[in-house]
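The structure under discussion is supplied below as structure tokens; questions concerning it will follow.
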2 protein chains.
Amino acid sequence: MKIGELARQSGLTAHTIRYYERIGLLPRADRDHARRRDYDASILTWIEFLGRLKATGMPIRDMLRYAELRAGGAATEPERRRLLERHREAVRARVATLQDCLLVLDGKIAGYAGSSERTNDDDAINPRPIHDDERHAVQRQQRSGSPVARPARAR
Amino acid sequence: MKIGELARQSGLTAHTIRYYERIGLLPRADRDHARRRDYDASILTWIEFLGRLKATGMPIRDMLRYAELRAGGAATEPERRRLLERHREAVRARVATLQDCLLVLDGKIAGYAGSSERTNDDDAINPRPIHDDERHAVQRQQRSGSPVARPARAR
DNA sequence: GCTTGACTTAGAGCGCGCTCGAACCCTTAG
DNA sequence: CTAAGGGTTCGAGCGCGCTCTAAGTCAAGC
């Protein structure tokens, strides 16, 4: 299978596939006699799993870690498991946050009743810690040692 | 309330608060005699709501739209409502996706049984459309006309 | 033989949402 | 009077995850 075909089947662009190979998320592809990438269909399974990790907000560096462990063979399975378990917890937490926010949205929408009854705005329902951007929530939970230590802001 | 105090109470940094004001997410703050921002506690309610929108993945440009509508008075309420309703749907869809992915994770983790029983890898459970990165899912649903038309790639 | 078009590489550029630095201003405590 | 410590503006820089350009190679169809 050529890269174009894989792109079609995976939903990634050829550019992205090459990028993933470059950074190590995908194994270096076999080449045909003309040095073009020639894929086995089995790669789709891996790409699909990567898609799940991405869809759940795992940063590339963590997917990379998982990919490396995978390449390291069966001995790394316990660690891979731990990695996924930690990630699962992060995702669960995120789902909880989203559901919490949905309640707020519901309340707010109800405030804009029927076609317009109340003028009330700004009502905060269900207060809870905010500004914990979910895009980074996973990282924060999973990253242990950052390369350049961040100032550990109070927040 | 000075910006530092607001930062402490809201969980944002002073830098971010100024940035939000600059782009229009926060109304221009009143200044004291020394031209320093002086906030009323009521701003916290708005920041908290913005936090909810952010936590649910709404891009800043949409929050901005909402903020503009809000400034436009009661006449804009129906549109504000529609905006929130659309967003709510996007969030619900995201929750569904995450839950779907959680099932896959559960299966994968179960595959790395007890402390190590199977060597099985790569098992794709519960296949479904992937590579629909949630970070952008909301935008795609909500954006109507993009400034520079994107090539509308097949994907 | 020539065109078409999918492929190759290296590397630059982009959109997002901050985040920070520089240089300066003002107030307050000692 | 001085120094600390918060505030101000403007604009540059960053981390992420792509996304695209340029210049070239190769193979198949007419």
Side-chain angles (χ1 to χ4, degrees), chain A residues 1-8 10-26 28-39 47 50-51 53-55 57-64 131-140 143 146-148 150-153 155, chain B residues 1-8 10-26 28-39 50-51 53-55 57-64 131-140 143 146-148 150-155:
Chain A
M1 192 196 304
K2 292 295 176 49
I3 197 172
E5 181 56 22
L6 180 61
R8 244 158 275 130
S10 67
L12 299 174
T13 68
H15 279 307
T16 302
I17 293 169
R18 286 191 207 99
Y19 165 68
Y20 279 3
E21 179 177 317
R22 222 152 63 199
I23 65 175
L25 260 194
L26 295 179
R28 172 159 176 88
D30 295 337
R31 309 303 167 111
D32 66 10
H33 63 98
R35 305 187 46 251
R36 291 184 188 174
R37 292 170 181 81
D38 203 352
Y39 292 95
I47 291 179
L50 286 179
L53 296 182
K54 183 173 98 167
M58 183 184 282
I60 282 188
R61 81 178 72 78
D62 293 350
M63 298 190 217
L64 220 40
H131 289 292
D132 199 47
D133 183 355
E134 59 172 14
R135 174 146 61 269
H136 306 295
V138 175
Q139 305 180 27
R140 259 188 260 108
R143 231 145 69 248
S146 19
V148 175
R150 275 149 111 7
R153 209 174 273 306
R155 303 202 74 160
Chain B
M1 194 195 300
K2 293 296 177 51
I3 198 172
E5 182 57 23
L6 180 60
R8 244 158 276 132
S10 67
L12 299 174
T13 67
H15 280 307
T16 302
I17 292 169
R18 286 191 210 100
Y19 165 69
Y20 279 2
E21 179 177 317
R22 221 152 64 199
I23 65 174
L25 259 194
L26 295 179
R28 174 158 176 86
D30 295 337
R31 309 303 167 111
D32 66 9
H33 63 99
R35 302 185 52 249
R36 292 184 187 173
R37 292 171 180 81
D38 203 352
Y39 293 95
L50 286 179
L53 296 181
K54 183 172 98 170
M58 182 183 282
I60 281 186
R61 81 178 72 75
D62 294 351
M63 296 190 218
L64 219 40
H131 288 294
D132 199 46
D133 181 356
E134 60 172 15
R135 177 146 60 269
H136 306 297
V138 175
Q139 304 180 27
R140 258 189 261 105
R143 255 196 353 283
S146 19
V148 176
R150 274 149 113 9
R153 205 173 276 305
R155 303 201 75 163

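Per chain, numbering begins at 1; letters A, B, ... match sequence-line order.
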- Task: Please determine if a side-chain N or O atom of A/H33 lies less than 4.0 Å away from the OP1 or OP2 oxygen of D/dC26.
- Result: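 Answer is no, no contact under 4.0 Å.
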
- Task: Could you tell me whether B/R8 and B/E5 have a side-chain N and a carboxylate O separated by less than 4.0 Å?
- Result: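 So B/R8 pairs with B/E5 through a salt bridge.
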
- Please work out if A/R31 contacts a base, only the sugar-phosphate, or nothing of the nucleic acid, heavy-atom cut-off 4.0 Å.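 Sugar-phosphate only.
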
- Is there side-chain contact between B/I17 and B/Y39, with heavy atoms separated by less than 4.5 Å?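 Yes - at least one pair of side-chain heavy atoms lies under 4.5 Å apart.
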
- Message: Between C/dC26 and B/R35, counting only base atoms on the nucleotide and side-chain atoms on the residue, is there a donor-acceptor pair under 3.5 Å?
- Response: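 Such a pair does not exist between side chain and base.
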
- Task: May I ask you to verify if any side-chain N or O of B/Y20 is less than 4.0 angstrom from the OP1 or OP2 atom of C/dG17?
- Result: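 No.
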
- Message: Please determine whether any donor N or O and acceptor N or O are separated by less than 3.5 Å between the side chain of B/R36 and the base of C/dC26.
- Response: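 Looking at the base of C/dC26, it does pair with a donor or acceptor on the side chain of B/R36 (distance under 3.5 Å).
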
- Message: Side chains of A/L26 and A/L50, heavy atoms from C-beta outward: is any pair under 4.5 Å?
- Response: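 With C-beta onward as the side chain, the pair touches.
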
- Item | Any B/R37 side-chain heavy atom under 4.5 Å of B/R31 side chain |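 When only atoms from C-beta onward are counted, B/R31 and B/R37 do touch, with a gap below 4.5 Å.
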
- Mapping B/A34 and A/A34 to their closest nucleotides on DNA chain D, which lands nearer the 5' end?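 Between the two, 5'-proximity favours B/A34.
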
- Task: Send over the distance from A/D30 CG to C/dC7 C1', rounded to a whole Å.
- Result: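 My rounded result for the distance is 16 Å.
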
- Query: In whole Å, what is the span from the CG atom of A/L50 to the P atom of D/dC18?
  - Reply: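 From A/L50 CG to D/dC18 P: 10 Å.
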
- Task: Would you mind reading off the distance between A/R22 atom CZ and C/dT9 atom C1', rounded to a whole angstrom?
- Result: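 Going from CZ in A/R22 over to C1' in C/dT9 covers 9 Å.
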
- Ignoring backbone atoms, establish whether B/R37 has a side-chain N or O less than 4.0 Å from OP1 or OP2 of D/dT8.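 For B/R37, the contact criterion (side-chain N or O under 4.0 Å from OP1 or OP2 of D/dT8) is met.
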
- Message: Output the rounded distance in Å from CG (A/L12) to C1' (D/dT19).
- Response: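 To the nearest whole Å, that distance equals 13 Å.
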
- Spacing between B/I3 atom CD1 and D/dG5 atom C1', to the nearest angstrom: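 Checked: the CD1 to C1' distance equals 15 Å.
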
- Message: Classify B/R18 by what it touches in the nucleic acid, base, sugar-phosphate, or nothing, heavy-atom distance under 4.0 Å.
- Response: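 Contact class for B/R18: base.
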
- What's the CD-P distance between A/E21 and D/dT19, to the nearest Å?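 Rounded to whole Å, this separation is 18 Å.
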
- Specify the separation, in whole Å, of atom OH of A/Y39 and atom P of C/dA6.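 After rounding, the gap between these two atoms is 17 Å.
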
- Message: Tell me the interatomic distance from B/K2, atom NZ, to C/dT27, atom P, rounded to whole angstroms.
- Response: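 The answer, rounded to whole Å, is 9 Å.
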
- Query: How long is the gap from NZ on B/K54 to CG on B/L12, to the nearest 0.5 Å?
  - Reply: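 Separation between the atoms: 6.0 Å.
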
